[in-house]
Number of protein chains: 2
Amino acid sequence: MNDHSLYKNSFDNCPLTFALNLIGGKWRLPIIWALSKNGTMRYNELKRSIHGITNMMLTQSLRELELYGIINRKQYMEIPPRVEYSLTDNGKNLIPALKALAHWGKQMKSLITQNNIELESVETVNETEDEK
Amino acid sequence: MNDHSLYKNSFDNCPLTFALNLIGGKWRLPIIWALSKNGTMRYNELKRSIHGITNMMLTQSLRELELYGIINRKQYMEIPPRVEYSLTDNGKNLIPALKALAHWGKQMKSLITQNNIELESVETVNETEDEK
DNA sequence: CCGCATCCGCAATGATACTG
DNA sequence: CAGTATCATTGCGGATGCGG
C-alpha cells in the first residue's frame, strides 16, 4: 500500500492541480497515450510499447489509473492469464485537453530549441546510446 | 546552478511530456495561475498569494519559468528594489489548455468524490486544522 | 503471463539564515 | 524589497526477486 497523492496538499480547491495529480507521475501519461492510440492492450503489450518501464511501475500506474476511473481492466480467467486494459469514457474525455497541451508543448519546444537556450550540460542524452 | 529537468529523459520525442515538464513541479502552476488572474505582480505579492511557498522555491520557480519564456521579469533599478512579473505571450497561450484540463479535473473530482472511493487513510485533512 | 513486496538512491522540496 | 546560500528531509521511482 503506497500513498496516493490525491488528497494530500491543497488540491482540493484547485481542479487543475487535481487533474495534474491524476495524470502526474512519470508513467501515467505514456500509458494513457498508448491506450488512446491502440484502443485495447494487454499487459505485456503495454510494457513493450513503453520503453524503460518496469513491472513494478507499470502495475502500480495501471492500478492507480483504474482506481481513478481513467482506465478499464478486464481480466480473463484462463491459463495463461490474460488481462486487457483500455480507456474509460473519462479517460477518453481527457484526450482533447492533452492534445491542446501537446500543441502548446510543440510550440514551446521549437521556440526553445531555436533560441538554443543554454540549459547547462545535459545535451548529450542520445549521444552515447543510439543503437541497441 | 541547479538542474533543469528539460532534456533529461525521453521528453524529446513527446511534446506532451515536454509541456508537462515545463509546467511541472509543485509551484510553477500556482505562479502561472496567479499571474493569469492578476496580470502583473511583484515578488512579495506573488509570495503572499501563493500559500506556503518559500523564498527559495519562489525565486527558483520564477527563474525557470523566465528561462523557458513563459513569464517576463522586469526589474526597476530603484531603492527599494521593485521587480514585476507577468506572463509572456507563450504563457498566455497556455491558459486555454490549462482551462481544458481544469474542466476535466472538475468532472473527475465530482465523480471521485461521489463514488466515495476508498483511497485509504488520508481523509482527515481539514479535520484537525480547520480554524487558524 | 501477470503482478506484488522490499529495499534504496537521488532529485525535488523545505527550513533557516544571511545579503545588496 | 527581493532575493541567495546551505543544510536537512522526503517521497518518487528504480532494481531485484518472489508468487499465483
Side-chain angles (χ1 to χ4, degrees), chain A residues 1-11 17 20-31 40-67 71-85 119-122, chain B residues 1-11 17 20-31 40-67 71-85 121-122:
Chain A
M1 310 280 183
N2 60 11
D3 184 6
H4 299 283
S5 50
L6 252 189
Y7 292 139
K8 281 251 277 304
N9 268 326
S10 47
F11 309 139
T17 318
L20 263 300
N21 276 282
L22 288 180
I23 63 174
K26 191 168 180 179
W27 301 109
R28 290 183 197 169
L29 239 352
I31 291 173
T40 295
M41 299 178 77
R42 299 181 58 174
Y43 182 89
N44 274 321
E45 206 175 346
L46 274 168
K47 180 165 184 202
R48 264 177 270 114
S49 87
I50 300 172
H51 182 67
I53 197 171
T54 62
N55 283 330
M56 174 74 187
M57 292 315 292
L58 180 54
T59 299
Q60 183 178 313
S61 305
L62 286 170
R63 282 292 132 83
E64 289 161 353
L65 289 173
E66 186 195 4
L67 180 66
I71 66 174
N72 283 315
R73 183 189 130 100
K74 181 156 190 184
Q75 180 167 10
Y76 297 87
M77 282 311 186
E78 38 183 70
I79 306 290
R82 182 157 61 104
V83 184
E84 289 182 347
Y85 295 93
L119 302 175
E120 73 278 0
S121 64
V122 209
Chain B
M1 312 273 188
N2 60 10
D3 185 7
H4 300 283
S5 52
L6 251 188
Y7 292 140
K8 282 251 277 303
N9 268 326
S10 48
F11 309 140
T17 319
L20 263 299
N21 275 281
L22 288 179
I23 63 174
K26 191 168 179 179
W27 301 110
R28 290 183 197 169
L29 239 355
I31 291 174
T40 295
M41 299 179 76
R42 300 181 58 173
Y43 182 91
N44 274 322
E45 206 175 345
L46 274 168
K47 180 166 184 200
R48 264 176 269 114
S49 89
I50 300 172
H51 183 67
I53 197 170
T54 62
N55 283 330
M56 174 76 186
M57 293 313 294
L58 179 53
T59 300
Q60 182 178 315
S61 305
L62 287 170
R63 285 289 134 83
E64 290 161 352
L65 289 172
E66 186 195 3
L67 180 66
I71 66 174
N72 284 314
R73 183 188 129 101
K74 181 156 189 185
Q75 179 166 12
Y76 298 87
M77 283 310 187
E78 39 183 69
I79 306 290
R82 182 157 62 104
V83 182
E84 290 182 345
Y85 294 93
S121 61
V122 209

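Order of the sequence lines fixes the chain letters, A, B, ..., with proteins taken first and strands second; residue numbering starts at 1 for each chain. Being a predicted model, the structure only gives us computed values, none of them experimental.
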Those residues that, when tested against A:Asn55, pass side-chain hydrogen bond (donor to acceptor under 3.5 Å, both in side chains) (two or more places apart) |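 Applying side-chain hydrogen bond (donor to acceptor under 3.5 Å, both in side chains) to A:Asn55 gives A:Tyr43, A:Lys47.
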
In chain order, what residues pass the side-chain hydrogen bond (donor to acceptor under 3.5 Å, both in side chains) check against A:Arg48, with sequence neighbours excluded?
->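 For A:Arg48 there are no side-chain hydrogen bond (donor to acceptor under 3.5 Å, both in side chains) partners, ignoring immediate neighbours.
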
Would you say [X] and [Y] make side-chain contact, with heavy atoms under 4.5 Å?
X	Y	answer
B:Leu20	A:Leu20	yes
B:Leu29	A:Thr17	no
A:Leu62	A:Val83	no

What's the [atom1]-[atom2] distance between [X] and [N], to the nearest Å?
X	N	atom1	atom2	result
A:Leu58	D:dG14	CG	P	12 Å
B:Lys47	D:dC1	NZ	C1'	11 Å
A:Arg48	C:dC2	CZ	C1'	13 Å
B:Ile31	D:dG3	CD1	C1'	14 Å
A:Tyr85	C:dC2	OH	C1'	8 Å
A:Leu62	C:dC1	CG	P	17 Å
B:Glu64	D:dT4	CD	C1'	15 Å

Polar atoms only, N or O, under 3.5 Å: list the protein pairs with nucleotides 13-17 of chain C and their distances.
residue : atom : partner : partner atom : Å
C:dT13  : OP1  : B:Lys26 : N            : 2.9
C:dG14  : OP1  : B:Lys26 : NZ           : 2.6
C:dG14  : OP2  : B:Trp27 : NE1          : 2.6

Kindly state each residue pair satisfying salt bridge (Lys or Arg N to Asp or Glu O under 4.0 Å) with at least one member in residues 75-84 of chain A, sequence neighbours excluded.
->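 For residues 75-84 of chain A, and leaving out neighbouring residues, the salt bridge (Lys or Arg N to Asp or Glu O under 4.0 Å) pairs sorted by first residue read A:Glu78-A:Arg82, A:Arg82-A:Glu84.
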
In chain order, what residues pass the salt bridge (charged side-chain N to carboxylate O under 4.0 Å, His left out) check against A:Glu66, with sequence neighbours excluded?
->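 Checked A:Glu66 against salt bridge (charged side-chain N to carboxylate O under 4.0 Å, His left out); matches are A:Arg63.
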
Report yes if at least one side-chain N or O of A:Arg73 is closer than 4.0 Å to OP1 or OP2 of C:dC2; otherwise report no.
->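 A:Arg73 to C:dC2 OP1/OP2: no side-chain N or O under 4.0 Å.
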
Scan residues 74-83 of chain A against DNA chain C and write down, sorted by residue number, each residue with any heavy atom closer than 4.0 Å; if none is found, say none.
->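 Heavy-atom cutoff 4.0 Å gives A:Pro80, A:Pro81, A:Val83.
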
Steps toward side chain to side chain contact (heavy atoms under 4.5 Å, CB included) verdict (B:Asn72, B:Thr40) = CA-CA 9 Å; B:Asn72 284 314; B:Thr40 295; over 6 Å; no

Hey, mind stepping through B:Arg28 and B:Glu64 against side chain to side chain contact (heavy atoms under 4.5 Å, CB included) and telling me if it holds?
-> CA-CA 9 Å; B:Arg28 290 183 197 169; B:Glu64 290 161 352; 2.8 Å; yes

